[in-house]
Protein chains: 2
Amino acid sequence: MARPLADRQDVISALAEIFRDHGFEGASLSTITARTGLGKGSLYNLFPGGKAEMAEAVLAHIDGWFRTHVFEPLDQADGGMAAVQAMFQATDAYFRSGRRVCVVGVFALGDARDLFTEQVRGYFAAWVTALAGALERAGRDPAQARADAEEVVAGIQGALVLARALDDTGVFTRTLARLRAGLGLA
Amino acid sequence: MARPLADRQDVISALAEIFRDHGFEGASLSTITARTGLGKGSLYNLFPGGKAEMAEAVLAHIDGWFRTHVFEPLDQADGGMAAVQAMFQATDAYFRSGRRVCVVGVFALGDARDLFTEQVRGYFAAWVTALAGALERAGRDPAQARADAEEVVAGIQGALVLARALDDTGVFTRTLARLRAGLGLA
DNA sequence: GTACGACTTGACCGATTGGTACAAGAAACC
DNA sequence: GGTTTCTTGTACCAATCGGTCAAGTCGTAC
């Protein structure tokens, strides 16, 4: 146990970018070894479960990030819209205004969904629920709050698809602004 | 040249469903032969370019469908909103209320985007442009029309992601209704 | 300095990938 | 029936896939 355990987090971050760019099937072990700089042995030492465990770690990492930076602030929101505003800012920063794409979204559309059903479902469900809760506390009736929340989350995901397809980050920025405006935010 | 050319269209339709379910990388030739019922020989006879040509044919097929059923009606719209209404209906029918996912969207997020950049870009660009045009003729100023069009197309794509992730077609139906309402439609 | 053990490496494994070659089969004309 | 033309299944190919593992490397403890 000599080693300082090093950089599991760094590896996971690198893996996240790889899965983001190539999807689950598209990320071959050779790409992974090339872009992480680690040999297969090291990878299987860190993730004995292979690619599936790597992807799981990435999903857990993302889930953790969103939980602390997005979901929990929304959960703790009092009746104001500050947390919702903050969510938009965090989202824009995280996705780099549409230059980055959502790994969970990529998995959701691809074959990988069947392997990670629960984590994919959980991520989006948590997001919608947290946002709906905050909107409800801000005065909307429950049904409206949920509908608005779904529209925002779907809008963000769709904007990512469009931004990537058109190779135009403007779409993402504009859509985010429209969604914000739709909730009555400046 | 004896054969009546048979069923290329049928094969393309089957291929579309395969790529829809598995993405480009995920659709292996063995799945394709299994689900189309055709041997490799037949497939390479129909599509000498292999998987790439199959995907291209699928994209072209989809593009054709949307052109005749969505884009052109929008282009020919007079000042009314009937064509926009029709678009929503056609979209809901095509995506089976979210049970089906958008092949072009799947390609856009995955590795395949780099192989089919132009077709992916073209599809979404045509959709946004056609819708924006119809909205503009219905009285919106150009910038607003384009923003609204982007929001609708992004919203649809995002709703597909969400519906698939949550395994809940309700999300798709509700989002479509909200988007319609946002344009002032009943 | 030596022994230990966590970590890394890269050759190697069988399975599967996309793609090719080709012989057998089926359909239309004579 | 014979011939020609096209279509089909299948055996095969090199390359690559995800994954394994024996052979090391190297920092630390003694």
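So that the names make sense, note that chain A is the first sequence line, chain B the second, and so on, each numbered from 1.
At the heavy-atom level, B:Ala27 lies under 4.0 Å from the strands shown only through sugar-phosphate atoms. B:Ser28 comes within 4.0 angstrom of sugar-phosphate atoms only, judged by non-hydrogen atoms across all strands, and of no base. Heavy atoms of A:Gly41 sit under 4.0 angstrom from at least one base atom.
Close to D:dT16, at under 4.0 Å from its OP1 or OP2, lies no side-chain N or O of A:Ser30. Distances shown here put every side-chain N or O of A:Lys40 at or beyond 4.0 Å from the OP1 or OP2 atom of D:dG19.
The aromatic rings of A:Phe24 and A:Phe116 lie perpendicular to each other, with more than 60° between the two planes, well past the 30° mark. Between A:Tyr123 and A:Trp127, the two ring planes are perpendicular [angle over 60°; tilted spans 30° to 60°].
Following rounding to the nearest Å, A:Tyr44 (OH) and C:dT8 (P) show an atom-to-atom distance of 16 Å. A:Leu43 has its CG atom 13 Å from the P atom of D:dT20, to the nearest Å.
Projected onto DNA chain D by closest heavy-atom contact, A:Pro48 and A:Thr31 fall at different nucleotides, the more 5' of which corresponds to A:Thr31.
A:Arg180 forms a cation-pi arrangement with A:Phe88, by the criterion of a distance under 6.0 Å to the ring centre and an angle within 45° of the ring axis. Relative to the six-membered ring of B:Phe95, B:Arg100 misses at least one condition, a distance below 6.0 Å or an angle of at most 45° to the axis.
Checking B:Ser28 against B:Thr31 by side-chain atom types alone, a donor-acceptor pair falls below 3.5 Å.
For the contact set between residues 103-112 of chain A and DNA chain C, defined by any heavy atom under 4.0 Å, there are no members.
Between A:Arg121 and B:Asp167 there is no salt bridge, since no side-chain N of the basic residue sits under 4.0 Å from a carboxylate O of the acidic one.
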